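Every heavy atom of this structure was used, including side-chain atoms; hydrogens, water molecules and symmetry mates were not. As the structure is a computational prediction, the values presented were derived from the model and not from experiment. In what follows, residues are counted from 1 in the order of the sequence shown.
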Amino acid sequence: MAFRLAVIVVIVGGIAALFLYKGGWFSPHALSPDMMIDTFEHVNGEHPGFRRNHAKGVCISGYFESNGNGVALSKAVVFRPGRVPVLGRFALAGGQPYAADAAHTVRSMALLFQLPDGEEWRSGMNNIPVFVVNSAQGFYDQLVASAPDPATGKPDPAKMSAFMKAHPEFPKALHLILSQPATSGFADSTYNSLNAFRFINAQGTVVPVRWAMVPAQSFKPFDTSGPAQSDTNQLFDALIAELRTNSLQWHLIVTIGQPGDPTADATLPWPPDRQKVDVGTLTVDHVESEDTSPVRDINFDPLILPDGIAGSDDPLLSARSAAYSESFTRREGEPKTPSAVSPAETER
């Protein structure tokens with residue numbers, strides 16, 4: 001349990017490190033996205049051309065088919081009945097592009113919906129039910145505390161203990177995350193928006209929402225009897241093998257918040273009895289290496305939203321937007337290094 005906790009802390013710390021905002025939370029003389037990305041690179045090492053978080057990934061494409069159920073909730077074109085093309089990426093959290101695929105590494109699904117009117121909807125989702133901290137100070141404190149000790153390769157227990165005392169939301173959120181069984185791979189994982197957003201319909205009615213991509217594929221537990229995890233791409237290899245012969249599908253499930261449900265704290269889940277609406281189906285039918293896909297150069301900024309979807313009062317949204325921009329700017333100015341998931345592996 002202690003080792004598993006250490007792994008989760010380091011991985012989720014990687015997520016937190018990137019979610020800092022340039023203004024409003026910290027004095028500009030103390031911390032900035034630039035300074036935080038510098039720290040993130042110091043913790044994970046420098047890997048030119050790669051994302052500073054979710055560095056190891058593979059690109060996908062497919063389409064989203066709306067069933068029309070979302071029209072009553074949002075005027076966004078994406079929810080009108082019909083099909084729109086989608087580009088995306090599956091990845092593992094953390095800033096090391098050649099890290100092994102471990103069972104409890106946070107997995108992500110990032111999508112760009114290409115709408116017929118020229119708008120885009122970009123969404124970055126993770127396979128954890130909640131985020132682990134609820135403030136910018138928490139992000140910074142977690143990054144510092146979760147940095148591996150060079151002597152042990154694990155976080156310093158004393159630093160982690162002090163961090164958790166200062167941020168009591170962290171152990172509560174971590175308990176929810178660790179209570180989930182590890183699925184077999186990317187295909188049978190549920191990916192959650194974590195942050196709250198707002199839907200606005202044609203009549204101007206605004207409702208708070210969270211969403212999730214829920215797999216049509218059946219759940220299978222992670223196979224712990226498989227190959228050693230010290231040097232393997234087992235999760236990506238399984239995804240690639242399946243997409244060579246079959247398409248994969250997820251249902252986009254929108255959860256509607258009620259008055260009093262927290263919209264500014266991503267560590268707090270909403271009550272399980274909240275209304276859920278299936279608004280359509282995502283089909284992924286192609287996989288491609290980052291070496292050749294245009295997705296490599298897409299910034300999955302969660303605040304690039306179509307008319308009818310808006311951000312909430314969750315400060316993490318602005319944090320993610322600003323930090324993603326800093327990460328994008330840096331890697332676009334660097335030489336591109338071959339992906340850990342090679343082109344040969346992703347050829348059909």
Side-chain angles (χ1 to χ4, degrees), residues 51 54 57-71 73-91 107-127 186-193 197 199-200 209 211-217 236 239-254 277-311 320-321 324 328 332 339 341 343 345-348:
R51 297 167 197 261
H54 299 273
V58 70
C59 304
I60 55 170
S61 59
Y63 55 90
F64 174 74
E65 188 143 17
S66 170
N67 56 25
N69 292 339
V71 171
L73 300 172
S74 170
K75 59 185 176 183
V77 174
V78 69
F79 297 124
R80 297 175 186 170
R83 180 180 295 188
V84 298
V86 173
L87 297 173
R89 186 173 182 267
F90 285 110
R107 305 167 199 163
S108 67
M109 171 193 280
L111 300 175
L112 185 157
F113 298 77
Q114 300 175 302
L115 308 187
D117 57 0
E119 289 185 302
E120 293 181 352
W121 177 19
R122 304 189 189 188
S123 179
M125 297 161 281
N126 293 291
N127 73 327
F186 288 104
D188 59 342
S189 290
T190 293
Y191 300 93
N192 299 292
S193 68
F197 291 80
F199 276 7
I200 305 99
V209 298
W211 58 74
M213 283 291 183
V214 178
Q217 296 73 232
F236 288 100
L239 175 69
I240 291 165
E242 188 151 14
L243 282 171
R244 281 184 178 139
T245 56
N246 302 295
S247 60
L248 299 172
Q249 292 188 320
W250 284 260
H251 294 277
L252 178 52
I253 306 298
V254 175
V277 181
D278 184 337
V279 299
T281 303
L282 169 70
T283 298
V284 174
D285 57 13
H286 180 71
V287 61
E288 186 176 354
S289 169
E290 289 196 294
D291 295 34
T292 58
S293 173
V295 175
R296 183 171 193 165
D297 297 318
I298 291 175
N299 173 15
F300 289 99
D301 184 334
L303 288 180
I304 296 180
L305 302 165
D307 187 28
I309 305 177
R320 292 173 63 186
S321 180
Y324 285 8
F328 176 80
E332 284 303 291
S339 173
V341 186
E345 289 180 283
T346 61
E347 287 178 356
R348 284 185 178 272

Least distance between heavy atoms, [X] atom then [Y] atom:
X: Leu303; Y: Ser321; value: CD1-CB, 3.9 Å
X: Cys59; Y: Arg296; value: SG-N, 4.2 Å
X: Ser193; Y: Arg320; value: O-NH1, 4.1 Å
X: Phe300; Y: Val295; value: CZ-CG1, 3.8 Å
X: Asn127; Y: Arg107; value: OD1-N, 2.8 Å

Tell me, do [X] and [Y] make a side-chain contact under 4.5 Å, heavy atoms counted?
X: Glu65; Y: Thr283; answer: no
X: Trp250; Y: Met125; answer: no
X: Met213; Y: Leu111; answer: yes
X: Val84; Y: Gln114; answer: no
X: Phe186; Y: Tyr191; answer: yes
X: Arg122; Y: Asn299; answer: yes
X: Val341; Y: Ser289; answer: no
X: Asn67; Y: Thr281; answer: no

Could you check whether any side-chain N or O of Asp278 sits under 3.5 Å from a backbone N or O of Gly280, counting only pairs where one atom can act as donor and the other as acceptor?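 Yes; at least one donor-acceptor contact below 3.5 Å.
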
Could you go step by step and tell me if Asp285 and Tyr63 meet the side-chain contact (heavy atoms from CB on, under 4.5 Å) rule? CA-CA 8 Å; Asp285 57 13; Tyr63 55 90; 3.9 Å; yes

Which distance, rounded to the nearest 0.5 Å, do you find between the [atom1] of [X] and the [atom2] of [Y]?
X: Phe236; Y: Ser339; atom1: CZ; atom2: OG; result: 8.0 Å
X: Glu119; Y: Ile309; atom1: CD; atom2: CD1; result: 9.0 Å
X: Leu239; Y: Phe90; atom1: CG; atom2: CZ; result: 5.5 Å
X: Trp121; Y: Leu115; atom1: CH2; atom2: CG; result: 9.0 Å
X: Asp307; Y: Lys75; atom1: CG; atom2: NZ; result: 4.5 Å
X: His54; Y: Met109; atom1: NE2; atom2: CE; result: 13.0 Å

Checking Val78 against Val279 for the side-chain contact (heavy atoms from CB on, under 4.5 Å) test, could you report, in this order, the C-alpha distance in whole Å, the side-chain angles of both residues, the deciding distance, and whether it holds? CA-CA 10 Å; Val78 69; Val279 299; over 6 Å; no

is_close_aromatic(Trp211, Phe79), centroid dist under 6.0 Å: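 Centroid separation for Trp211 and Phe79: 6.0 Å or greater.
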
